[in-house]
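For reference, the structure is listed below as C-alpha cells.
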Amino acid sequence: MINPVKSATEELKKLIGAALEKIAAESGADASALPKFTVEIPADKSHGDFATNAALASAKALRSNPRKIAEGITANISLEGTSFEKVEIAGPGFINFFLSKSWFGNVVTDILNESTRYGRTDTGAGKKILLEFVSANPTGPMHVGNARGGALGDCLASVLDYAGYNVCREFYINDAGNQVNKFGKSLDLRYMQLNDPANAEFVKSFGTDTEALCHAVYDDTERFPMPDDVYLGVDIITHAKNFTDINGDKYYSVSEEERRAALVDYALPINIKNLELDLGKYRIIYDNWFHESTLHNDGSVQRIIEKLKASGYTYEQEGALWFRSTELGDDKDRVLVRANGVPTYFVPDIAYHYNKLAERNFDTAIDILGADHHGYIPRMKAAMKALGVDENRLDMVIMQMVMLIDKDGNPIKLSKRSGKAITLVTLLEDIPIDAARFFFNLREANSQFEFDLDLAIEQSSQNPVYYVQYAHARICSIIRNMRGKGIFADESKADLTLLTAPEEIELIRALAVLPNTVDMAARDYDPSKITRYAIDLATLFHKFYDKCHIMGEAEELMQARLMLCTAVKTVLKNVLDMLKVNCPDKM
RNA sequence: GCGCCAUUAACUCAGCUGGAUAGAGUAACUGCCUUCUAAGCAGUAAGCCGCUGGUUCGAAUCCAGCAUGGCGCGCCA
C-alpha cells in the first residue's frame, strides 16, 4: 500500500526523534520525559510541506527556549538521502521541512503504478465490520431520511473497505412485532372496506383502474374512516386491492386472525422485495438481509432473556421483567418483558446485536441511527456489557434529520397522513442518483441540514458532483485529442522534475493526500471527507488546466504533464468509484 | 426538569482532534473563450469563530457556566 504522506511523515518523525534524543542526552535531560510532538501539513504553503512543533513541545522538558532547541534539532539532522531538501526554523520555534522534487515525481509514478489500488490502505488490517444501515420498516415506503442514511451507509462501507476493513453491509428487517401487527390491522381494515357489500357499487365503478380507486378510497374519509393507530398510506389500500383481485372476498368471513395473517403473508414479502429494488436503484447492494423473525423462531430472543437474567442485571416489578441498565451507564432501567408476557422491541434488538458480535464474531458492529434514536445508544451498550461483550465493539453513527424546505424556507411536513410524504423513490425520480449520493454525503452525518427541494432539483446541473465529473471528462478529452493527433503517453520521455509550477505542486500534494484522507474518513466514520476531497482535487485540477498547457509543450514537459493528468484521472475515478458515482469520459 | 447534538462571512458548510495572518462553495460586483471542454479560471467585497470565564508558550479547537435552536426522555419501535 502506497501512502506518500505517511511515509514522509514517519521518516521525518524518526529524524526529529533521533535529534531530540541526542540533544536530551547532551544536556543531561531525561529523554523518556520528552512529550509527544506532531508533524503536520501547514495550512500556509510558505511554511513548507511539513512542520513540527517538536521544539515548542519540548521546551519545558529540556528547560530551554524553543528557538534554541529548534536550532539544535536542525543541526542534528542531515537531509541527505531523505525525501526532504530544505529545513528552516520559523516563528516561535516551528521547524518547517520542504520536500524534494523527486518526492513529487515519485507520487505521480506511484499512482500510475498503483492505478485502481491507489487510495487503499491497510489500516483496518482486515478486521471484520458489520455495518447496518437504513433498516427501514417493511410496512411502508422509504422516506427522505432513508435516502440520506442509504447514501451515508453505503459510502461509509466503501470508505472502510478502502481503509482495509472487511465490511459487510446489512439490512435488518423488522418483520415481527408490533409494527407488523399494525401493518396487518391496517391491511385488514382496508380489505374489509373494499369487500364490504355496501361499497360494492363504488368499488366496481372504477373497473380495473386500481390506482384511481385507491386514491379515491384514500381521499374519501367519510365512506372509508380509519382509526388513528393504523397506517393510512395509499400503499396499504393498494395491497388490499391487489390481494382482493387475487383472492376475491373469500377472506371476508374468516376469522380476523386468519385474514390478517394471510394479508401480511401476501404484502410483507412484496414490500421487502420493493425495498431491495428501490435501494438497488440507488446502487445499494446489501451483503445480507437479516430477518428479525429468525431471532424469534430460533429461540434467540428467549435465550437472551435467560442470559440477561443469569447476568444478574434484571429484576421483576409489577409483573414485568426489567433490565437494570442504570448500573451500566444508562439513565434509566428498561422493560424487557411486559406484564402481558410479550417482550419489548428491545429484546430482539439485543439478540440481534449479540448475534452480530458474539455469534457471528464481527470485530465491530456499526449502526447508523437517526438522531431521534440517540437515546438508544447507552441502553444497547449496557446490554452488551451485561452479556459480557465489550461495548466498545459497538459503534453508533448518529445521523441528523433531513429537513425539507420549500423555496420560501417553509418546512415541508412529512406527515404520512397528508399523503404528500416524499418517498425515496419520488426523490430519486427528481434528483439524479449521482447527485443524490454525492449531495447526501457533502456534510457530516451529525450535522442537521435543511435542503431546499426545489433548489436541489432545479440546480442539479450545478451540484458539486458535476464539477468533479467535469474535471475527469476534461482529462479524458485531452487524452482523446492527443491521440487524435498521434501523440501517445511515453513515460520514458517524461521528465517529472519539470513539474514545478505552483499549480502542479499543489495538485500533486492533493494527490498524495488521498490515502491519509481515506484513513481519516474511516477513523471518523465520515464519508463527507471523501466528497470534499473530490471537490478539492477537482478545483486544483481546473486551476492547473487553466494555467498549464499540455499539447504544444516541449516533449519532456508534455509527457510529464500527461502523466500528471493521468494520475489525476486515476484518483478521481477511484474516489468516485468509492462513492459509487459515475465517472463520465464526456460531458 | 434531565440528557444528546449543534452555534464559524448574507446563506450552506470546512477547519487535519491545541499551532503561525480562520478557509471553501453559493449569492453580489469586475475581468478572461480565433490554441487541450467557460459545467471552467482569476479578482473584489464579506468575520466579536453564540456569550463569559478558566486551562498554557499558544484556544474556533480542551474545561465550566450561560444563551439560542434541533432531537430525545413509553410496559411505542
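Chain A is the first sequence line, chain B the second, and so forth, proteins listed ahead of strands; every chain is numbered from 1.
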For [X] and [N], give me the distance from atom [atom1] to atom [atom2], rounded to whole Å.
X	N	atom1	atom2	result
A:K45	B:rG23	NZ	P	11 Å
A:H143	B:rA77	NE2	P	17 Å
A:L56	B:rC57	CG	P	11 Å
A:M396	B:rG72	CE	P	17 Å
A:K543	B:rC32	NZ	P	20 Å
A:H47	B:rC16	NE2	C1'	17 Å
A:E40	B:rG19	CD	P	6 Å

Given that both distances must come in under 3.5 Å, which nucleotide forms a Watson-Crick or G-U wobble pair with [N]?
N	result
B:rG3	B:rC71
B:rU21	none
B:rU37	none

>> Students often get this wrong, so: under 4.0 angstrom with heavy atoms, is A:I41 touching a base, only sugar-phosphate, or nothing?
In response: base
> So what does A:A371 touch, heavy atoms closer than 4.0 Å: a base, only the sugar-phosphate, or nothing?
Replying inline: sugar-phosphate
> Is a donor-acceptor contact shorter than 3.5 angstrom present between the side chain of A:Y345 and the base of B:rA77?
Replying inline: yes
> Knowing that exactly one of A:N516, A:V518, A:V571 qualifies, which makes a side-chain contact (heavy atoms from CB on, under 4.5 Å) with A:Y533?
Replying inline: A:V571
> Of the non-hydrogen atoms in A:A471 and A:A538, which two are nearest, and what is the gap between them?
Replying inline: CB-CB, 4.0 Å
>> Between A:K543 and A:D546 (salt bridge meaning N to carboxylate O under 4.0 Å), is one present in this structure?
In response: no
> Under a 90° cut-off about 0 for the syn range, is B:rU37 syn or anti?
Replying inline: anti
> Hey, is B:rC33 sitting syn or anti, using the within-90° cutoff around 0?
Replying inline: syn
>> Determine whether the aromatic ring centres of residues A:F171 and A:F290 are separated by less than 6.0 angstrom.
In response: no
Establish, with yes or no, whether the OP1 or OP2 oxygen of [N] is under 4.0 angstrom from a side-chain nitrogen or oxygen of [X].
X	N	result
A:R334	B:rC76	no
A:K529	B:rG15	yes
A:R379	B:rC73	no

> Would a distance-only check, ignoring hydrogens and angles, find a side-chain to backbone donor-acceptor pair under 3.5 Å from A:T344 to A:V335?
Replying inline: yes
